[in-house]
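Below: the structure, in structure tokens.
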Amino acid sequence: MPLNTSAKPQSPDISKDINSHLLHTVGADPGAASSSEMMQAVAQVARAQLSERWVHTQREERKHKARRVVYLSMEFLMGRTLSNALAALNLTEGAAAGALQHAKNLEDLTGCEPDAALGNGGLGRLAACFLDSMATLGLPSFGYGIRYEYGMFAQEIQGGNQVEYPDSWLKDGTPWEFPRAELTYPVRFGGWVAHEDGKVVWKHAGEVAAKAYDMVVPGHGTHKVSTLRLWKAVAPDHIDLGAFNTGDYARAAAAKNEYENISWVLYPNDSTPAGRELRLKQEYFFVAASMQDLIKRHLDEHHTLDNLAEHVAIHLNDTHPAIGVAELMRILCDEHDMLWDKAWALCGKTFSYTNHTLMPEALETWPVSLIQHVLPRHLEIIFRINKEFLDQAARFRPGDQEFLKRLSLIDETGERRVRMAHLSVVGSHQINGVSALHSELLVRTIFTDFASLWPHRFTNMTNGVTPRRWLAQANPSLSKLLDASLGSGWRLDLNKLQGLKEHQGDAAFREQFRAIKRYNKVRLAHLIKETTGVVVSPDSLFDVQVKRIHEYKRQLLNVLHVVTRYQAILANPDAPWVPRTVIFAGKAASSYVAAKSIIRLIHDVGLTVNNDERIGDKLKVVFIPNYGVSVAEIIMPGADLSEQISTAGTEASGTGNMKLALNGALTIGTDDGANIEIRQNVGDDNIFIFGLKTPEVRDLRVTGYHPLNYYEGNPTLKAVLNAIGEGEFSPDEPGRYSALINSLVWGGDHYLLLADYASYVATQQQVDGVYRQPELWSQRAIANVAGMGVFSSDRTIGEYARQIWRVTPAPY
Ligand code: 26V
């Protein structure tokens with residue numbers, strides 16, 4: 001009898017291993033272990049198996065001299081590891097049974113693990129989803145980043161205000177890292193450059209050591225794993241020794257800190273790129289260590305750098321690692337005596353680059369003087385790259401000085417600055433945006449001149465999310481229903497969700513689907529009660545906007561709708577209102593005044609609305625604090641409506657939009673980023689699109705946008721803006737929001753909230769209309785899940801692998 005290979009093997013009994021680790025590794029009495037101790041013991045069981053898989057994968061990759069992809073990213077927003085590792089190792093049931101023997105649920109254990117929040121938001125979480133997919137697709141791959149001692153700050157709300165606290169995720173240690181004592185590389189800074197008879201020598205002024213810590217990223221449905229190698233900055237040994245010998249311990253400690261602060265903290269700034277020397281040092285630090293590591297591996301296997309591009313694809317996740325282009329040139333030319341032209345050709349074949357934003361103020365530039373100070377040799381290299389590039393460009397369009405100025409790697413207006421995006425483009429063979437619209441806008445706006453030179457370099461790779469975390473792990477109830485109706489294959493082939501279309505018309509199926517949504521809403525309502533004290537009804541429509549707080553994402557437009565609704569309910573209390581709970585979550589960059597004011601406003605509006613007895617359950621407004629991966633895993637499955645309301649042309653892609661739709665939320669959104677592709681995949685009838693489209697936004701700005709006309713022309717809007725601006729929600733300080741409201745009415749309303757307001761509110765009424773018909777709503781919600789197959793990060797990574805990296809799964 002052939003074995004049924006598609007059936008999942010039984011999860012093994014691991015209770016003995018758990019007890020053994022409790023006793024021998026954790027140092028706890030198995031008869032009286034706490035949830036946290038149990039979590040550590042179960043993690044140790046998983047860790048041992050991950051280690052075996054890692055050793056095996058590395059051995060095979062070495063044996064086959066596999067072509068690898070190296071993903072350089074300043075951010076990896078991994079979240080928790082335990083549940084994902086157990087699922088990948090098929091240990092979930094075994095661990096649950098083991099926990100039960102100690103009178104605990106598996107969730108009690110997994111909930112004890114702190115998030116690894118080594119990222120700000122979308123860009124960092126994308127990198128984490130990509131690692132999951134690279135491992136799952138069996139691609140030989142390394143992610144390289146920084147082992148920040150402190151990750152994304154923890155957010156608390158005090159009196160409606162955001163307060164930031166350090167995120168000391170490592171304070172109790174982590175079971176998931178493998179310190180690699182033998183993998184330590186020197187990283188040099190500062191000094192000057194000597195040109196000694198044709199030879200270039202960088203006489204550096206300081207040096208720090210980069211020490212490797214590996215995290216094993218398990219693939220699903222395979223024993224292959226990927227590696228996330230994070231670098232920690234440590235003072236070189238001789239520093240300690242020198243000071244110790246003089247007996248000056250305090251000086252030794254201070255000197256040590258000066259080195260080690262490089263990997264101390266993640267820069268949380270997404271309102272302006274952090275133009276600080278320490279940030280530049282972070283960027284170079286992890287790039288330099290990663291390049292040494294990958295070159296060492298390459299030389300071990302191939303003994304020459306001539307064929308580097310044949311065996312390694314290096315990907316730049318945004319411009320943060322762009323200095324790697326200059327670093328590779330330095331290594332090849334200065335340390336391995338390769339001729340410039342040959343090295344440059346090799347470089348261009350090796351690098352590729354993803355752009356994640358069009359916002360001009362978000363594009364990274366560094367003062368020439370700072371690079372001169374921190375990385376003098378790299379500055380010389382950048383100048384030479386620029387000169388040769390501009391010579392080439394001048395031949396392409398002779399006499400056009402403006403063209404050359406626009407292309408230059410150096411911005412000469414004001415203080416001279418190096419444009420990191422330009423360095424990334426000239427150094428890469430492929431450059432991609434992260435949604436169809438964004439990629440098109442890249443070649444029409446910030447990279448037009450480059451695209452005229454090299455049209456074939458520019459391409460699109462629409463983002464995706466991993467279905468293992470964002471469906472299987474976050475939404476076990478829906479996963480069970482999917483398994484029962486489609487089989488379990490959707491985890492590895494998300495297109496299988498299309499099979500749901502057949503069930504959409506089945507009333508019993510819709511009933512089950514609704515029951516699951518309700519269950520997840522109860523879970524979310526508990527979280528809301530726990531974190532905000534507000535009791536919300538799971539029978540109300542859960543309207544969710546969760547993402548970084550930013551003016552372009554327009555949380556304020558959402559608030560305008562909330563206040564509109566509040567006033568309308570008061571004016572017409574007996575109308576058949578669809579009860580709504582409007583849920584916000586997200587962090588504001590600590591120095592971003594407007595974003596922090598929006599958080600305060602959400603709280604003030606919530607206080608008024610939630611305590612107004614005339615409103616009851618018809619409207620509630622809550623802000624869930626400390627948004628992050630683990631909080632998102634509870635929010636996404638509990639949402640009915642997904643707010644994706646950025647000004648058209650501003651959100652590069654969005655990935656929260658994908659997570660919400662995948663969990664059965666309907667989107668209300670603008671024609672922006674990946675919303676457009678979501679619409680194409682779920683169908684026009686199953687999404688609520690409103691507002692100006694990108695060309696209309698541009699035209700309106702060109703012809704002259706006058707927000708005052710919208711204010712004066714729309715009495716409802718005027719009443720809402722007046723209520724907020726005049727202090728109805730802040731009676732103790734009536735002027736609290738006058739600046740915010742003035743920035744709309746008088747300050748140009750840069751993100752066109754007033755222009756989109758009427759269309760947004762009208763569309764919200766359509767949402768109510770559909771929600772009043774539960775059968776219709778669930779049909780549409782199911783259509784959303786069914787259409788999300790293409791937004792698996794497996795699809796995205798498959799495209800990168802084939803079209804950009806040319807890596808294939810190793811044949812073992
Ligand atoms: C945005 C902005 C906006 C203007 C002010 C300064 C500033 C600084 C940083 C950023 C974010 C830049 C990079 C980023 O996180 N992009 C996000 O990448 C996600 C993954 O591709 C994508 O889904 C989001 O749409 C995009 O904002």
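In this chain, numbering begins with 1 at the start of the sequence shown.
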Quick check against the 3.5 Å criterion: does R229 have a side-chain atom that pairs as donor or acceptor with the backbone of G143? no

Exercise: identify the closest heavy-atom pair between P12 and N90: CD-O, 3.5 Å

d(L527 CG, I634 CD1) to nearest 0.5 Å is 5.0 Å

Under a 4.5 Å cut-off applied to non-hydrogen side-chain atoms, are L500 and L482 in contact? yes

Mind checking whether D293 and Y144 have side chains closer than 4.5 Å, heavy atoms only? yes

Set of residues satisfying side-chain contact (heavy atoms from CB on, under 4.5 Å) with respect to R80, sequence neighbours excluded: E113, D115, S630

Return the set of residues passing side-chain contact (heavy atoms from CB on, under 4.5 Å) with E633 (not counting sequence neighbours), or none when no residue passes. R469, W470, Q473, A474, V629

Over all atoms of both residues, closest heavy-atom pair of A117 and D167: CB-OD2, 4.2 Å

Taking atom types as modelled, is there a side-chain donor on N161 or H603 under 3.5 Å from an acceptor on the other? no

Sequence neighbours excluded, the answer for side chain to side chain donor-acceptor pair (under 3.5 Å) partners of D13 is S15

Looking only at heavy atoms, which two atoms of P218 and N84 are closest? And how far apart? CG-ND2, 4.1 Å

Any side-chain heavy atom of L126 sitting closer than 4.5 Å to one from H356? yes

When you compare the side chain of K587 with that of N626, does any pair of heavy atoms fall below 4.5 Å? yes

Mark yes when over 12 heavy atoms from residues, nucleotides or ligands other than F509 sit less than 6.0 Å from its CZ; otherwise mark no. yes

Minimum heavy-atom separation for S290 to L72, with atom names? CB-CD2, 3.8 Å

For D640, check side-chain contact (heavy atoms from CB on, under 4.5 Å) against everything at least two apart and list the hits. K517, K521, L541, F542, Y771, W777

What do you reckon, are the aromatic ring centroids of F285 and W231 less than 6.0 Å apart? no

Less than 3.5 Å apart, any donor N or O on the side chain of S793 or T466 sitting next to an acceptor on the other? no

R548 and N120: side-chain donor and acceptor closer than 3.5 Å? yes

Smallest separation among heavy atoms of Q282 and I146, with atom names: O-CD1, 3.7 Å

Using the ring of F623 (Phe, Tyr or Trp, six-membered ring only), decide whether R600 places NZ or CZ under 6.0 Å from its centre and within 45 degrees of its axis. no

Just so I know, are the side chains of I624 and I583 near enough to count as touching, which here means a heavy-atom distance under 4.5 Å? yes

For E156, which residues count as a side chain to side chain donor-acceptor pair (under 3.5 Å) partner, sequence neighbours excluded? Q158

Residues that N475 engages under side chain to side chain donor-acceptor pair (under 3.5 Å), provided they are two or more places apart: N520, N663

Can you check whether W176 reaches Y213 side chain to side chain, under 4.5 Å on heavy atoms? no

Using distance alone, with no hydrogens and no angle criterion, decide if Q644 and K547 have a side-chain donor and acceptor under 3.5 Å apart. yes

On the ring face of W54, is R180 found with NZ or CZ under 6.0 Å from the centre and within 45° of the axis? yes

Taking the side chain as everything from C-beta on, heavy atoms only, tell me whether V216 gets closer than 4.5 Å to T227. no

Is the shortest side-chain heavy-atom distance between V234 and Y259 below 4.5 Å? no

Could you report the tightest heavy-atom contact between S479 and W490, atom names first, then the distance? OG-CH2, 3.6 Å

Compute whether any side-chain donor of one residue and acceptor of the other, for D108 and S35, lie under 3.5 angstrom apart. no

We want to know whether S540 and R580 form a side-chain donor-acceptor pair, criterion being a heavy-atom distance below 3.5 angstrom. no

Run the numbers on E164 and K596 for salt bridge (charged side-chain N to carboxylate O under 4.0 Å, His left out), then give the verdict. CA-CA 11 Å; E164 300 96 23; K596 287 187 148 179; 2.7 Å; yes

Ring centroids only, cut at 6.0 angstrom: are H320 and F286 within range, meaning strictly under it? no

Applying the ring pair (Phe, Tyr, Trp, His ring centres under 6.0 Å) test to Y150, which of W264, W169, Y165, Y267 qualifies? W264

Should F791 and V465 be marked as a side-chain contact (heavy atoms from CB on, under 4.5 Å) after you check the CA-CA gap, both sets of side-chain angles, and the distance that decides it? CA-CA 6 Å; F791 299 103; V465 302; 5.5 Å; no

Pairing donors with acceptors under 3.5 angstrom, does anything connect the side chains of Q58 and E60? no

For S263 and R147: C-alpha separation, side-chain torsions, deciding distance, then whether side chain to side chain donor-acceptor pair (under 3.5 Å) applies. CA-CA 6 Å; S263 58; R147 181 182 176 277; over 6 Å; no

